[in-house]
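Letters A, B, ... are given to chains in the order of the sequence lines, protein chains preceding strands, and every chain is numbered from 1.
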Amino acid sequence: MATVVTRFAPSPTGFLHIGGARTALFNWLYARHMGGRFLLRIEDTDRARSTPEAIDAILKGLRWLGLHWDEEPVYQFARRERHAEVAQKLLGEGKAYYCYATPEELEEMRAKARAEGRPMGYDGRWRDRDPSEAPPGAKPVVRFRSPDEGETIIDDQVQGKVRFANKQLDDMVLLRADGTPTYMLSVVVDDHDMGITHVIRGDDHLTNAARQTQLFEALGWKPPIFAHIPLIHGPDGKKLSKRHGALGVEAYEKMGYLPEALRNYLIRLGWGYGDHEILPIEEAIRLFDLDGIGKGAARFDFAKLSAFNGHYIRNSTDQHLVDSVCPFIEQKIGRAVRNDERHRLATVMHALKLRAKTLLDLADGAAFLFLERPIELTDKAAKLLDGEARALLGRVLKELEAISEWSVEALEAKVKAFAEAEGLKLGTVAQPLRAALTGTTVSPGIFDVLAVLGREESLARISDQIET
RNA sequence: GACCCCUUCGUCUAGUGGCCUAGGACAUCGCCCUUUCACGGCGAAAACACGGGUUCGAGUCCCGUAGGGGUCGCCA
């Protein structure tokens, strides 16, 4: 059995969007599962729209997701000579021909075909005409002489057997008038030359698979095995647009999603293995297979992505989270996080991470550590600190000042004893403390907060509220 | 318009003719835990698009209808 070789072949006209990321992921997973190779090919033959920035964004996106490719990426444009050579070969064998039809003529053909209810496309008018009849000075394109009878069958690993009547498929352009190869030619030649065995891509390419199969056959090459995966839709079932999630993966990074969570979410979107939801990458590699891919389009759901993200955050080590969240905190506070602050962050991370779905949430949760006195109160916190609560804080302050060992255990014992002595529920004491210490009504356990803030800062924040 | 694909809870899915009184996850709602919010635990509501067949028996097979999507470039 030959080694599996898959590829991801983005065109660098924009960032790596979520659909592309999933396609890349499936190709990567399949190659890893089969012990094969995963190659990267940049389809940059559209010179007008391809940009180095886009290439950069795509490579960065793949790396962030941990989808490392084997070998050097192939740049399609660099292989144009080879593509042209193949077109010449076809020309020589009569399997392709020069076509001098003008854009206006083509437009006319489409209009006519539509009116007559026929498949739209080129009518083959130069298929059998002698080039000597060419209009003087006109630059021709090279078209593929595609079979006009019979059918082309794709044995798709996801969609099953899909049949196309050959007469539905018109003669596609192989070489443009300027001599550069088109996508249709380039993919076939490159997939062949790169030894690609499995083509896993969006099902918007399903019809292309038929045309490409014809080309493979004309060239005497064996077509790869195809697997056309359904597209991802927006939450409304419509095509994914920017407002729903057709964003570059770097946008997800900025929103505070972990690459492992996005990966897991993407795996589950359109692929299933029984009831498995949480699939760490090694597990995914072990279980991934083409026949687990669903046929229906899936809708993108941020809520579920966030749920996965929360899971991965809770299961990350505290240190890893400190490292990951610091850039978000620095963004918020507008300065670098100091070393002592990192240490303090690490001591409450175990509590913070239970409360976060994203790194952005985590940064919000950690915000109280970075406040400058006197701290500002949210409306809810301010409302909670009425006269009675402030008076209570005064009495608690005395207790806390008397404490000798500023530890979670000692603080807890002290405050609990105080509440009991006052005949109060712990919450009645804890909430005003939380408001005074964090400026909010939501935070990790109050003893964790006291402990991480330290004696001096805690006492100061509390007395700030008593004095006002 | 032509061709192609798709259709199980709101969403992602399990289900490959009897195990389905249709399972899980997210979201929603309720309860428990509890110093807030989370986390965690328990529970509820919630789906086989529709119509015909085939079969002793259909979510599972076939046909049709409806709805959704994709493709029809000298873009990829």
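Comparing B/C19 with B/U7, their P atoms are spaced 22 Å from each other, to the whole Å.
Using a 4.0 Å cutoff on non-hydrogen atoms, the parts of residues 347-362 of chain A near RNA chain B are A/Leu354, A/Arg355, A/Lys357, ordered by number. Annotation: proximity of residues 256-264 of chain A to RNA chain B (heavy atom, distance under 4.0 Å) is found for no residue. For the contact set between residues 414-425 of chain A and RNA chain B, defined by any heavy atom under 4.0 Å, there are no members.
Taking side-chain N and O atoms only, A/Arg314 has a distance below 4.0 Å to OP1 or OP2 of B/G40. A sub-4.0 Å separation between OP1 or OP2 of B/C37 and a side-chain N or O of A/Thr440 is absent. The shortest distance between the side-chain N/O atoms of A/Arg110 and the OP1/OP2 oxygens of B/G73 is below 4.0 Å.
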Below 3.5 Å is the cut-off: list the nitrogen or oxygen pairs between protein and nucleotides 5-11 of chain B, distance only.
{"residue": "B/C5", "atom": "O3'", "partner": "A/Gln159", "partner atom": "OE1", "Å": "3.3"}
{"residue": "B/C5", "atom": "O2'", "partner": "A/Gln159", "partner atom": "OE1", "Å": "2.9"}
{"residue": "B/C6", "atom": "OP1", "partner": "A/Lys295", "partner atom": "NZ", "Å": "2.6"}

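Taking the ring centroids of A/Phe368 and A/Phe370, they lie at or beyond the 6.0 Å cut-off.
Cation-pi geometry between A/Arg22 and A/Phe26 is met: under 6.0 angstrom from the ring centre, within 45 degrees of the axis.
By the salt bridge (Lys or Arg N to Asp or Glu O under 4.0 Å) test, A/Glu108 pairs with no residue at all, sequence neighbours left out.
Classified by interplanar angle (parallel below 30°, tilted 30° to 60°, perpendicular above 60°), the ring pair A/Trp271/A/Tyr273 is parallel.
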Taking only distance into account, with no hydrogens and no angle test, what donor-acceptor pairs under 3.5 Å do side-chain atoms of residues 286-298 of chain A form with protein atoms, sequence neighbours excluded?
{"residue": "A/Arg286", "atom": "NH2", "partner": "A/Glu283", "partner atom": "OE1", "Å": "3.4"}
{"residue": "A/Arg286", "atom": "NH2", "partner": "A/Glu283", "partner atom": "OE2", "Å": "3.3"}

- request: Show your reasoning for whether side-chain hydrogen bond (donor to acceptor under 3.5 Å, both in side chains) applies to A/Asp46 and A/Tyr183.
  value: CA-CA 9 Å; A/Asp46 184 342; A/Tyr183 159 78; over 6 Å; no
